[in-house]
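What follows is one structure encoded as structure tokens, with my remarks underneath.
Sequence lines set the chain letters: A, B, ... in the order given, protein chains first and strands last, and positions in each chain run from 1.
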Number of protein chains: 2
Amino acid sequence: MDEDTAADGTIQLLWGLREGPTRGPKPVLSLERIAQAAVDLADAEGLGAVSMQRVAADLDFTKMSLYRYVTGKDELVAAMIDLAVGTPPTLADLPGPSWRPRIEAWVRLLAQTWEAHPWLPWVTMGDRVMGPHETGWTELSAAALAETGLTVPERMSLARMLGGHVRTTMSVLTAGTQPWVNRRQAALLREHADRYPTLCAMLDSEGAPPDNGRDFGLRLILDGVERLVADRAG
Amino acid sequence: MDEDTAADGTIQLLWGLREGPTRGPKPVLSLERIAQAAVDLADAEGLGAVSMQRVAADLDFTKMSLYRYVTGKDELVAAMIDLAVGTPPTLADLPGPSWRPRIEAWVRLLAQTWEAHPWLPWVTMGDRVMGPHETGWTELSAAALAETGLTVPERMSLARMLGGHVRTTMSVLTAGTQPWVNRRQAALLREHADRYPTLCAMLDSEGAPPDNGRDFGLRLILDGVERLVADRAG
DNA sequence: GGACAACAGTGTCCTACCGATACTGTTTCC
DNA sequence: GGAAACAGTATCGGTAGGACACTGTTGTCC
């Protein structure tokens with residue numbers, strides 16, 4: 001019951017169902033300004049820097065004034081997500097003669113958006129209620145995959161999977177030699193070469209992709225889809 | 001520099017490099033007991049319930065006593081991870097005549113471990129230093145993929161990708177009708193059927209997999225690998 | 001064997017955080 | 001024009017993580 005009412009509040013906030021009062025002083029702040037300030041802060045100093053106090057200070061207001069627009073930090077984060085994710089593209093933004101280049105473009109656009117707000121992968125995990133923008137991204141992916149011939153659950157599993165793949169290939173931005181292991185980890189591997197012979201032998205190999213294997217993994221997944229589609233057609 | 005020394009401390013902790021003193025009273029607590037209490041707490045009440053105070057209380061000790069074994073909460077979480085992930089399997093635990101059933105078994109075992117500790121997906125994101133157990137899991141995946149003929153970066157990208165796939169297919173444990181959308185989200189979609197026609201049309205479809213599409217996605221990925229291997233061989 | 005140094009666990013304090021509540025001043029409707 | 005409704009403020013409480021000084025215990029060295 002507690003979570004339910006909290007989720008209801010978030011839904012009302014994100015989907016514009018909050019009843020706007022008529023009497024009383026005019027609001028000086030707005031949800032958009034607050035969310036924008038929070039997004040800017042998270043972009044600049046990371047999600048850990050986002051506190052009610054700090055967001056309010058950046059707006060030259062008191063911390064408690066934010067609670068007139070947001071019932072708590074969870075709602076603020078939800079508003080941040082839907083603002084940062086932005087207006088979703090449309091099918092016209094996904095060129096190509098078939099579903100494959102279209103969904104590739106979708107992944108590319110999603111990755112661009114997430115890279116602009118590196119805190120998004122952390123906040124978009126778990127069971128949530130998506131806002132209108134985020135739902136629009138999902139709608140677009142569903143539309144792009146419609147002509148694959150996959151079943152509906154398969155299509156949605158695939159869409160979710162692709163989003164997860166973007167997350168996986170973004171969360172590690174190591175500046176080490178190998179993208180799959182950072183500097184300290186490599187040193188530890190060399191110290192314990194007996195326990196980890198396979199990994200240790202891999203340390204000095206070449207040809208690491210600059211994108212954390214995003215294109216490589218995307219190719220694998222979509223090749224798998226093509227095979228599945230072909231198998232069913234034939 | 002600050003992060004560096006903190007990471008060094010975590011490395012020393014996880015890899016048993018902490019200098020054990022000889023003089024003074026004998027320690028009553030131990031890192032293992034502390035980490036185990038924290039893991040039990042996280043399993044029972046979620047990661048949010050894990051605080052220094054609470055872990056210490058569960059052990060009938062003072063909060064500050066934990067700091068004799070752990071420099072801070074980050075180190076505690078790192079110790080929790082390597083304890084919860086447990087002793088990794090060996091190649092003997094991955095049956096099969098080829099790499100494919102072996103890596104499938106690896107994914108299955110990893111998923112089992114993570115499902116037993118549902119907080120693991122959240123704390124194993126981002127750039128970290130893995131402990132010995134976690135490194136063992138990675139070593140095993142690298143060994144299982146050795147015979148694919150993929151390049152080293154490709155193999156490690158694939159291994160990371162599979163771990164991410166387990167994360168993606170676990171983080172949503174919705175009890176709704178469709179696994180890709182929860183109850184509230186479905187209601188919102190129906191209310192805004194004009195904005196999200198594709199998703200809305202999907203709401204009443206059948207055949208949702210009970211595993212959040214984990215097997216489906218795994219099949220896609222490994223089919224893609226097989227095609228890549230075949231293409232290069234031919 | 002006794003003094004001292006090293007150490008384990010405690011008690012106290014500080015800062016940062018989220019959030020509740022009572023308040024002040026402003027706007028609009030009756 | 002008065003009263004209700006509302007925006008923003010000021011203050012308070014509870015819970016985090018963590019620094020620091022302290023008490024008591026243990027081993028080592030003379």
Show me the side-chain donor-acceptor pairs of residues 192-203 of chain B shorter than 3.5 Å, one per line, residues at least two apart or across chains.
| from | atom 1 | to | atom 2 | distance (Å) |
| --- | --- | --- | --- | --- |
| B:His192 | ND1 | B:Leu188 | O | 3.1 |
| B:Tyr196 | OH | A:Pro132 | O | 2.9 |
| B:Thr198 | OG1 | A:Glu139 | OE2 | 2.7 |

Could you list the donor-acceptor pairs under 3.5 angstrom formed by side chains in residues 28-48 of chain B, with sequence neighbours left out?
| from | atom 1 | to | atom 2 | distance (Å) |
| --- | --- | --- | --- | --- |
| B:Ser30 | OG | B:Arg33 | N | 3.1 |
| B:Arg33 | NH1 | B:Val28 | O | 3.4 |
| B:Gln36 | NE2 | B:Asp40 | OD1 | 3.0 |
| B:Asp43 | OD1 | B:His117 | ND1 | 2.9 |
| B:Asp43 | OD1 | B:Trp119 | NE1 | 2.6 |
| B:Asp43 | OD2 | B:His117 | ND1 | 2.9 |
| B:Glu45 | OE1 | B:Arg54 | NH1 | 3.1 |
| B:Glu45 | OE2 | B:Arg54 | NH2 | 2.9 |

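Among pairs with a residue in residues 60-89 of chain B, those fulfilling salt bridge (Lys or Arg N to Asp or Glu O under 4.0 Å) read B:Arg18-B:Glu75, at least two apart in sequence or across chains.
For B:Glu134, the side chain to side chain donor-acceptor pair (under 3.5 Å) partners are B:Arg128, not counting sequence neighbours. Residues satisfying the side chain to side chain contact (heavy atoms under 4.5 Å, CB included) criterion with B:Ala116, sequence neighbours excluded, are absent altogether. For B:Asp211, the side chain to side chain contact (heavy atoms under 4.5 Å, CB included) partners are B:Pro209, B:Arg214, B:Asp215, not counting sequence neighbours. Contacts of B:Pro89 classified as side chain to side chain contact (heavy atoms under 4.5 Å, CB included), with partners at least two apart in sequence or in another chain: B:Asp93, B:Leu109, B:Trp137, B:Leu140. By the salt bridge (Lys or Arg N to Asp or Glu O under 4.0 Å) test, A:Arg190 pairs with A:Asp204, sequence neighbours left out. Taking the side chain to side chain donor-acceptor pair (under 3.5 Å) definition, one finds that A:Thr124 meets it with A:Arg167, sequence neighbours left out.
Considering all non-hydrogen atoms of both residues, B:Gly213 and A:Ser157 come closest at CA-OG, 3.7 Å.
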Is there any protein nitrogen or oxygen under 3.5 Å from a nitrogen or oxygen in nucleotides 15-19 of chain C, and what are the pairs?
| from | atom 1 | to | atom 2 | distance (Å) |
| --- | --- | --- | --- | --- |
| C:dC18 | OP1 | A:Lys73 | NZ | 3.2 |
| C:dC18 | OP2 | A:Met52 | N | 2.9 |
| C:dC18 | N4 | A:Lys63 | NZ | 3.2 |
| C:dG19 | OP2 | A:Tyr67 | OH | 3.4 |
| C:dG19 | OP2 | A:Lys73 | N | 2.8 |
| C:dG19 | N7 | A:Lys63 | NZ | 3.1 |
| C:dG19 | O6 | A:Lys63 | NZ | 2.6 |

Is there any protein nitrogen or oxygen under 3.5 Å from a nitrogen or oxygen in nucleotides 24-30 of chain C, and what are the pairs?
| from | atom 1 | to | atom 2 | distance (Å) |
| --- | --- | --- | --- | --- |
| C:dT27 | O2 | A:Gly24 | N | 3.4 |

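For DNA chain D, the span of nucleotides reached by chain B at under 4.0 Å from its heavy atoms goes, 5' to 3', from D:dA16 to D:dT28.
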